[in-house]
Asks: 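Shown below is the structure under consideration.
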Amino acid sequence: GWTKMRSQVRFKVITMCADQIQTSSVYLSKFVPRNKTKIIPVSVPETQVDSREMAAVNTELVFGWSGKESSAYQLRDVLGRLPKKLFDEFRLIILSGQDPRLDLRYEYLPYSQSNEIEFYQTVDVGIVPSTDRPFDLGKTPVKALQHFAYGKTVIANPRGAGAEFITKECSVVVENDSWEDAFHLI
C-alpha cells in the first residue's frame, strides 16, 4: 500500500533528477526515461574461469543449482514439479551458503570460492529458474553467465532480464513452465 506508493514516487523523482541511469538489461531500462539510459551488460570476470583446470568428463549427468538460501524457493518450485524417480537418473549438486534441505537425493556443497570453481567444473547442466515476481524479473541471472563461461548449458525459464541472453541456441528453454519436458530433452 503506502510504502509501495512512496517507493514508486521516490524512484520516479530520482530518475527524473539523474543525468544518466545505468542498467544491466533492456528489461530494466524500460522503467527509466529512455533518453537517460545506458545499458551495461553484466559479465563474468575472465580470471574466474581457467579452461586448463576443467574437470574430467562425468560418467553420469550432473545438474547443479547455485544461489542464496533466499532464492532457493525457485529451485524448490521447479523440483517439486518433477517426479521423484527422475532424480535417480542424474546427480544433483547444490552450491549455497546454507543447505536448502530438499526432500530428494542431492549433494550439498557449502559456498566458498574454491567450491564454486569445483561446482562449475563438475556440473554439466545448470538449473536457472525464475519467476514472474517483479524483483526476479529485474535480476540478471549471473549464475547462467557463470555456467556459460565454463562452457556448460543451462535449463531455464527465462523471464525479464534473463530472456535477453538465455536462448534456445545455448540453453534448454522451459516452455509453458513444463520443467519435466525440458529435463527429458537433456
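Heavy atoms only: backbone and side chains are in, while hydrogens, waters and symmetry mates are out.
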Asks: side-chain contact (heavy atoms from CB on, under 4.5 Å) between Val125 and Val154: does it pass, once the steps are laid out?
Replies: CA-CA 5 Å; Val125 181; Val154 298; 5.7 Å; no
Asks: Is Asp99 reaching over with its side chain to a backbone N or O of Arg101, donor-acceptor style, under 3.5 angstrom?
Replies: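 Checked: pair present.
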Asks: What I'd like to find out is whether the side chain of Gln146 reaches to under 4.5 Å of the side chain of Glu116, using heavy atoms alone.
Replies: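 Side-chain contact under 4.5 Å: yes.
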Asks: Less than 4.5 Å apart, side chain to side chain, heavy atoms only: is that true for Asp19 and Lys36?
Replies: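 No. Closest side-chain heavy atoms not under 4.5 Å.
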Asks: Is there a path from Leu145 to Ile166 through hydrophobic residues (I, L, V, M, F, W, Y) whose side chains come within less than 4.5 Å of each other?
Replies: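 Yes, Leu145 connects to Ile166 through the hydrophobic network.
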Asks: Is the count of non-hydrogen atoms from other residues, nucleotides or ligands lying under 6.0 Å from Lys84 atom NZ greater than 12?
Replies: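 Yes, because the 6.0 Å sphere around NZ of Lys84 holds more than 12 heavy atoms from other groups.
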Asks: Let me confirm one number: the CG-CZ distance from Leu104 to Phe87, rounded to the nearest 0.5 Å.
Replies: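 One gets 4.5 Å once the value is rounded to the nearest 0.5 Å.
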Asks: For atom CZ of Arg105, is the number of surrounding heavy atoms from other residues, nucleotides or ligands below 6.0 Å larger than 12?
Replies: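 Enclosed.
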Asks: Salt bridge or not between Arg91 and Glu107? Use side-chain N to carboxylate O under 4.0 Å.
Replies: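 So Arg91 pairs with Glu107 through a salt bridge.
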Asks: Taking the side chain as everything from C-beta on, heavy atoms only, tell me whether Tyr73 gets closer than 4.5 Å to Thr131.
Replies: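 Result yes, sub-4.5 Å side-chain heavy-atom pair found.
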Asks: Side chain to side chain donor-acceptor pair (under 3.5 Å), that's the test. Do Ser66 and Tyr111 meet it? Break it down for me.
Replies: CA-CA 9 Å; Ser66 65; Tyr111 178 81; over 6 Å; no
Asks: Mind checking whether Tyr150 and Tyr120 have parallel, tilted or perpendicular rings, split at 30° and 60°?
Replies: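 Geometry flag for Tyr120 against Tyr150: parallel rings.
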Asks: Below 4.5 Å, heavy atoms only, C-beta onward: do Asp177 and Asn157 meet side chain to side chain?
Replies: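 They are in contact (side-chain heavy atoms under 4.5 Å apart), so the answer is yes.
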Asks: If Ile, Leu, Val, Met, Phe, Trp and Tyr residues are connected whenever their side-chain heavy atoms lie under 4.5 Å apart, and connections chain through other members, are Trp179 and Ile186 in the same group?
Replies: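 Yes, same cluster.
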Asks: So which heavy atom on Ser96 is nearest to which on Tyr108, and how close?
Replies: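 Ser96 and Tyr108 have their closest heavy atoms at O-OH, 2.9 Å.
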Asks: List the atom of Leu102, the atom of Arg76, and the distance in Å for their closest heavy-atom pair.
Replies: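 Closest pair (atom of Leu102, atom of Arg76, distance): CD2-CG, 3.7 Å.
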Asks: Testing the basics here: between Ala161 and Gly138, what is the closest heavy-atom pair and its distance to 0.1 Å?
Replies: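 Here Ala161 and Gly138 meet closest at CB-O, 4.2 Å.
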Asks: Where is the tightest heavy-atom contact between Pro110 and Leu95, given as atom of each residue plus distance?
Replies: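 Of all heavy-atom pairs spanning Pro110 and Leu95, the closest is O-CD1, 3.8 Å.
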Asks: After noting the C-alpha distance and the side-chain angles of Thr167 and Glu169, does the key distance pass the side chain to side chain donor-acceptor pair (under 3.5 Å) rule?
Replies: CA-CA 5 Å; Thr167 63; Glu169 289 77 29; 2.9 Å; yes
Asks: Is there a side-chain contact between Ile93 and Phe119 in this structure, where contact means two heavy atoms from C-beta onward sitting under 4.5 Å apart?
Replies: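 In contact.
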Asks: Apply the test side-chain contact (heavy atoms from CB on, under 4.5 Å) to residues Leu185 and Phe183: give CA-CA distance (whole Å), side-chain angles for both, the deciding distance (0.1 Å), then the verdict.
Replies: CA-CA 5 Å; Leu185 281 175; Phe183 269 84; over 6 Å; no
Asks: Provide the closest heavy-atom pair for Ser171 versus Thr153 in the form atom of the first, atom of the second, distance.
Replies: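 So the minimum-distance heavy-atom pair works out to CA-OG1, 3.5 Å.
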Asks: Would you call Lys168 and Glu175 a salt bridge, taking side-chain N to carboxylate O under 4.0 Å as the test?
Replies: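 Between Glu175 and Lys168 there is a salt bridge, with a charged N closer than 4.0 Å to a carboxylate O.
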Asks: Report the distance from atom CG of Asn115 to atom OG1 of Thr122, rounding to the nearest 0.5 Å.
Replies: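 So the CG of Asn115 and the OG1 of Thr122 are separated by 10.0 Å.
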Asks: Could you give the distance from OG (Ser130) to CD (Gln74), rounded to the nearest 0.5 Å?
Replies: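 Between Ser130 OG and Gln74 CD, I get 5.5 Å after rounding to 0.5 Å.
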Asks: Counting only heavy atoms from other residues, nucleotides and ligands, does the tally under 6.0 Å from CG of Asp103 exceed 12?
Replies: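 For Asp103, atom CG is not crowded (no more than 12 foreign heavy atoms under 6.0 Å).
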Asks: From Leu86 CG over to Arg81 CZ, what is the distance, rounded to the nearest 0.5 angstrom?
Replies: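 Rounded to the nearest 0.5 Å, the CG-CZ separation comes to 14.5 Å.
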Asks: With side chains defined as the heavy atoms from C-beta onward, is the minimum distance between Phe11 and Val32 less than 4.5 Å?
Replies: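 A side-chain contact exists here, since the closest heavy-atom pair is under 4.5 Å.
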Asks: Is it possible for you to say whether Leu75 and Phe90 belong to one hydrophobic cluster, with membership spreading through side-chain heavy-atom contacts below 4.5 Å?
Replies: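 Both belong to a single hydrophobic cluster.
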Asks: If I take atom CG from residue Leu92 and atom OH from residue Tyr106, how far apart are they, to the nearest 0.5 angstrom?
Replies: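 Reported value, rounded in 0.5 Å steps: 9.0 Å.
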Asks: Please examine the side chains of Asp77 and Pro129, heavy atoms only from C-beta on, and report whether any two atoms are closer than 4.5 Å.
Replies: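 A side-chain contact is absent here, since even the closest heavy-atom pair is not under 4.5 Å.
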Asks: Looking at Val123, is its backbone amide N or carbonyl O close enough to the side chain of Lys152 to form a donor-acceptor pair, meaning the two atoms are under 3.5 Å apart?
Replies: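 Yes.
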Asks: With a 4.5 Å cut-off on side-chain heavy-atom distances among I, L, V, M, F, W and Y, is there a chain of contacts connecting Val173 to Ile155?
Replies: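 In one cluster with Val173: Ile155, no.
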Asks: Using the rule given for side-chain contact (heavy atoms from CB on, under 4.5 Å), can you reason through Arg159 versus Asp132, listing the C-alpha separation, both sets of side-chain angles and the distance that settles it, and then say yes or no?
Replies: CA-CA 7 Å; Arg159 294 185 165 108; Asp132 286 326; 2.8 Å; yes
Asks: Can you tell if the side chain of Asn35 reaches within under 4.5 Å of the side chain of Thr37, non-hydrogen atoms only?
Replies: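 Counting from C-beta outward, Asn35 and Thr37 never come under 4.5 Å.
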Asks: Between NZ of Lys143 and NE2 of His147, what distance do you get to the nearest 0.5 Å?
Replies: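 Lys143 atom NZ to His147 atom NE2 measures 8.5 Å (nearest 0.5 Å).
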Asks: What pair of heavy atoms forms the shortest contact from Pro158 to Ala156, and how long is it?
Replies: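 The answer is CD-O, 3.2 Å.
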